[in-house]
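Below is one structure, written out as structure tokens; the observations come after it.
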Amino acid sequence: MSLQKCACIDTLYTELPWLERFQAAKNDGFAAVEFWDYRIRDLDATREAAEKAGIVISGFNGDADYSLVDPTHKEKYIDYLRQSIAAAKKVGAKSVTIHSNALGDGGIVVNHYDNLSHTVKLCSMYDMLLECAKISEEEQINLNLEALNITTDHVGNFLETTRMGAEICRLIGSPRLKLLYDVYHMQLNEGSLCDTISAYADQFGHIHVADAPGRHEPGTGEINYKKVIRHLEDCGYTGYVGYELFPQTDTATAVKAIMENA
């Protein structure tokens, strides 16, 4: 079985106007697309473009300015998540991606919360995720909790390991709450990709791909993506593999590498 490919159209096809990216991704062989901030998009036009192209919208980011690790954000976080789920339904998306910390422009972590202990952050995240999982089950929209690298792109992010994210998802035990395993981020943070996949693949709801270092297409860095993708399949993963990467030169070259290497 070959895992279905999903293109992040905030990093791929940026040479094209927004509404033309859906058909371009479909023409190149992607089964789905994803993007980041739904607030800046015309959702009716976005849904129409995806439906016209015959391509699935897998999801987008759903937590914006609020943090799971800040106990004072609980009410605001939950309210915003409800808005994000409503937007997902409007556009026909299958999931919403969430993070431990609010992210600003360029993915910068807005607040490192150095004033809060590890215990407070962890307990706050767990408490809020319990509520998030209930909402996602009621609304029948999947939530994908993403751990991020803290070395290069997201210094100060609290959720940095696959183990923490996967174990929290296991404890909560909701079929609607899973971990987004970003291979690029986790290569930078922890390595041991295949061993990690073996241990936690049952908790993966979505996969992100970019090579490391550089965050470009497979074949530009040190990750053996043919092996990684094959191992995901061997461990029973059946979801989308999302290519959230920045082309080293242009989208056409990157897509060729994606199709050849992963």
Side-chain angles (χ1 to χ4, degrees), residues 10 36-40 59-85 87 95-136 141-174 176-192 196 199-200 203-206 208 210 212-213 215 244:
D10 270 320
W36 290 337
D37 190 348
Y38 69 87
R39 298 172 299 179
I40 64 173
F60 47 69
N61 291 345
D63 43 14
D65 303 322
Y66 307 114
S67 299
L68 289 169
V69 297
D70 185 341
T72 70
H73 278 194
K74 184 174 183 179
E75 183 176 348
K76 292 178 287 188
Y77 192 100
I78 296 301
D79 286 346
Y80 188 79
L81 180 66
R82 289 187 183 278
Q83 294 176 44
S84 298
I85 288 175
S95 68
V96 169
T97 300
I98 57 177
H99 307 87
S100 63
N101 294 62
L103 303 175
D105 292 342
I108 299 298
V109 174
V110 175
N111 190 335
H112 295 188
Y113 292 105
D114 294 330
N115 60 312
L116 298 180
S117 69
H118 185 279
T119 302
V120 168
K121 294 175 187 177
L122 182 60
C123 290
S124 175
M125 184 164 67
Y126 182 79
D127 176 57
M128 281 199 231
L129 286 173
L130 281 172
E131 187 68 24
C132 291
K134 292 176 184 177
I135 295 168
S136 66
I141 292 288
N142 296 329
L143 299 181
N144 293 315
L145 174 66
E146 184 175 22
L148 304 173
N149 83 73
I150 60 168
T151 65
T152 308
D153 303 293
H154 308 288
V155 175
N157 196 68
F158 179 68
L159 182 57
E160 62 183 82
T161 68
T162 307
R163 180 177 183 177
M164 177 187 283
E167 288 184 345
I168 286 175
C169 290
R170 278 182 180 161
L171 283 170
I172 291 174
S174 170
R176 292 288 181 179
L177 175 65
K178 297 294 182 180
L179 186 71
L180 195 165
Y181 182 67
D182 188 306
V183 184
Y184 162 76
H185 288 314
M186 294 303 99
Q187 172 68 0
L188 295 180
N189 277 0
E190 61 192 21
S192 299
T196 302
Y200 302 113
Q203 293 303 310
F204 295 170
H206 194 69
H208 273 169
R215 207 171 186 178
E244 186 192 47

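Note that the structure is predicted; figures quoted are calculated from it, not measured.
Atom CD1 in I141 sits 8.0 Å away from atom OG in S95 (nearest 0.5 Å). In this structure, CG on D10 lies 12.0 Å from CZ on F60, to the nearest 0.5 angstrom. Between the CD atom of E131 and the CD1 atom of I172 there is a distance of 11.0 Å, given to the nearest 0.5 Å. Rounded to the nearest 0.5 angstrom, S174 OG and I135 CD1 are separated by 11.0 Å. Atom CG of residue L179 and atom CD1 of residue I168 lie 9.5 Å apart, to the nearest 0.5 angstrom. Interatomic distance, H185 NE2 to E244 CD, rounded to the nearest 0.5 Å: 6.0 Å.
Between A147 and T161, the shortest heavy-atom distance links the atoms CB-O, 4.0 Å. The minimum heavy-atom distance linking N149 with D153 is given by the pair ND2-OD2, 2.8 Å. Nearest approach of G191 to T196, heavy atoms of both residues: O-OG1, 3.9 Å. For the pair A166 and Y200, the tightest heavy-atom approach, listed with the atom from each and the gap, is CB-CD2, 3.5 Å. Contact record, K121 with L116: CE-O, 3.3 Å, taken as the closest heavy-atom pair.
A donor-acceptor pair under 3.5 Å is absent between the side-chain atoms of N157 and the main chain of V109, judged by distance alone. In this structure, N189 contributes its side chain and I150 its backbone to a donor-acceptor pair below 3.5 Å.
Remark: aromatic rings of H99 and H154 are distant, center separation not under 6.0 Å.
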Worksheet entry | Audit row: L81, D63, side-chain contact (heavy atoms from CB on, under 4.5 Å) steps and yes/no | CA-CA 6 Å; L81 180 66; D63 43 14; over 6 Å; no

Worksheet item: Is there a side-chain contact (heavy atoms from CB on, under 4.5 Å) between L122 and F158 once you walk through the steps?
Response: CA-CA 9 Å; L122 182 60; F158 179 68; 4.1 Å; yes

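For the side-chain contact (heavy atoms from CB on, under 4.5 Å) with I98, the lone residue among L159, L180, L129 that qualifies is L129. Under the side-chain contact (heavy atoms from CB on, under 4.5 Å) test applied with S100, the options E146, E160, M128, M125 reduce to a single match, M125.
Y38 places none of its side-chain heavy atoms less than 4.5 Å from the side chain of V96. You'll find the side chain of C132 reaches within 4.5 Å of the side chain of I78, heavy atoms only. Residues L103 and I108 have side chains not in contact (no heavy-atom distance under 4.5 Å, counting atoms from C-beta outward). Proximity of V155 to H112: side-chain heavy atoms (C-beta onward) are separated by under 4.5 Å at one or more points.
Residues passing the side-chain contact (heavy atoms from CB on, under 4.5 Å) test with D37, sequence neighbours excluded: R39, I40. Qualifying salt bridge (charged side-chain N to carboxylate O under 4.0 Å, His left out) partners for E190, counting only residues two or more places apart in sequence or in other chains: none.
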Sequence neighbours left out, cut at 3.5 Å: what donor-acceptor pairs do the side chains of residues 67-74 make with other protein atoms?
residue: S67; atom: OG; partner: A102; partner atom: N; Å: 2.9
residue: D70; atom: OD1; partner: T72; partner atom: N; Å: 2.9
residue: D70; atom: OD1; partner: T72; partner atom: OG1; Å: 2.6
residue: D70; atom: OD2; partner: T72; partner atom: OG1; Å: 3.3
residue: D70; atom: OD2; partner: H73; partner atom: NE2; Å: 3.2
residue: D70; atom: OD2; partner: Y113; partner atom: OH; Å: 3.0
residue: H73; atom: ND1; partner: S67; partner atom: N; Å: 3.0
residue: K74; atom: NZ; partner: D127; partner atom: OD1; Å: 3.4
residue: K74; atom: NZ; partner: D127; partner atom: OD2; Å: 2.9

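Side chain to side chain, T162 and Y181 fail the donor-acceptor criterion of an N or O pair below 3.5 Å.
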